[in-house]
Amino acid sequence: MKHNLPPLYPHQKGRNETLSLIHGIYAGLLSCALAVVLYLEFQQSTMEILALSIPCLGVGTLILLNIVACLKVKKGANEGLIMSRVLALFMLLSFPIGTVLGALALWKSLKSQWQV
């Protein structure tokens, strides 16, 4: 019995795929961390809602900025390059995984690696 496989089409590589993926991964990690913190906090109820909402708002802003950077980097926009470099500096502070992702993001946002 012979199986007919569908034809394979070459994957169209977009611009700055790796850098875009780094921002997407970091946004996902922040989202998971925020969900865990909120779950544990609502289980134990150790903080007031106002004291909890300020850090959550900051992390939520970082998540949204990483998503926007992910989309702009894919387009090859100059705004995406600047956003990526600024957010990569914030990633460096998230030891150990964020540090590795931040270093990769800084490397991929060099002029020699950037694809317009």
Side-chain angles (χ1 to χ4, degrees):
M1 182 177 202
K2 188 176 181 180
H3 297 284
N4 290 332
L5 296 174
L8 297 175
Y9 296 102
H11 182 264
Q12 297 284 333
K13 286 205 73 149
R15 291 182 226 137
N16 308 309
E17 284 282 327
T18 306
L19 188 56
S20 177
L21 183 66
I22 289 171
H23 285 291
I25 289 171
Y26 193 66
L29 286 174
L30 286 176
S31 300
C32 290
L34 183 63
V36 167
V37 166
L38 289 175
Y39 174 75
L40 292 175
E41 176 52 38
F42 286 123
Q43 289 293 318
Q44 298 175 358
S45 298
T46 57
M47 294 177 70
E48 292 182 24
I49 297 295
L50 183 62
L52 182 64
S53 64
I54 294 171
C56 288
L57 188 62
V59 172
T61 303
L62 276 176
I63 292 169
L64 288 176
L65 286 174
N66 273 289
I67 292 170
V68 169
C70 175
L71 297 174
K72 288 191 182 224
V73 161
K74 260 190 183 175
K75 292 179 183 175
N78 193 33
E79 303 161 346
L81 175 65
I82 295 168
M83 267 182 101
S84 179
R85 287 179 179 172
V86 171
L87 289 172
L89 294 176
F90 284 115
M91 284 184 210
L92 289 173
L93 301 174
S94 304
F95 185 79
I97 297 171
T99 304
V100 173
L101 291 176
L104 283 172
L106 285 174
W107 175 57
K108 287 306 240 178
S109 65
L110 291 175
K111 290 277 185 192
S112 60
Q113 297 286 324
W114 183 255
Q115 299 169 351
V116 179

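Residue numbers run from 1 in the order of the sequence given.
- For Gln113 (side chain) and Trp107 (main-chain N/O), no donor-acceptor pair under 3.5 Å exists by modelled atom type.
- Rounded to the nearest 0.5 Å, atoms CG (Leu62) and CG (Leu30) are 6.0 Å apart.
- Closest non-hydrogen pair, Leu92 versus Thr99, comes out as O-OG1, 3.0 Å.
- Ile63 and Tyr39 are members of different hydrophobic clusters when ILVMFWY side chains are connected at heavy-atom separations under 4.5 Å.
- Counting heavy-atom neighbours within 6.0 Å of Leu89 CG, excluding the residue itself, gives a total above 12.
- Hydrophobic clustering (side-chain heavy atoms under 4.5 Å, transitive across Ile, Leu, Val, Met, Phe, Trp, Tyr) keeps Trp114 apart from Ile82.
- Between atom CG of residue Leu101 and atom CG of residue Leu87 there is a gap of 12.5 Å, rounded to the nearest 0.5 Å.
- In this structure, the side chain of Ser20 does not engage the main chain of Asn16 through any donor-acceptor pair within 3.5 Å.
- Clustering ILVMFWY residues whenever any of their side-chain heavy atoms sit less than 4.5 angstrom apart, transitively, puts Val59 in the very cluster that holds Val68.
- Phe42 and Leu52 make their closest contact through CZ-CD2, 4.4 Å (heavy atoms, listed as atom of the first residue, atom of the second, distance).
- To the nearest 0.5 angstrom, Cys70 atom SG is 8.0 Å from Leu21 atom CG.
- Going from atom CG of Leu104 over to atom OG of Ser109 covers 10.5 Å, rounded to the nearest 0.5 Å.
- Gly102 and Met91 make their closest contact through CA-CB, 3.6 Å (heavy atoms, listed as atom of the first residue, atom of the second, distance).
- Counting all heavy atoms, side chain and backbone alike, Arg15 lies closest to Gln115 at CA-OE1, 3.3 Å.
- There is no path of hydrophobic side-chain contacts, each under 4.5 Å, that joins Val36 to Leu57.
- Minimum interatomic distance between Cys56 and Leu34 (heavy atoms only, all atoms of both residues): SG-CD1, 3.6 Å.
- Note on Leu19 and Leu106: separate hydrophobic clusters, where clusters join Ile, Leu, Val, Met, Phe, Trp and Tyr whose side-chain heavy atoms are under 4.5 Å apart, directly or indirectly.
- To the nearest 0.5 Å, atom CG of residue Leu71 and atom CD of residue Glu79 are 12.0 Å apart.
- Looking at every heavy atom in both residues, His23 comes nearest to Ser84 through NE2-OG, 2.9 Å.
- Separation of atoms CG (Asn66) and OH (Tyr26) is listed at 7.0 Å; rounding is to 0.5 Å.
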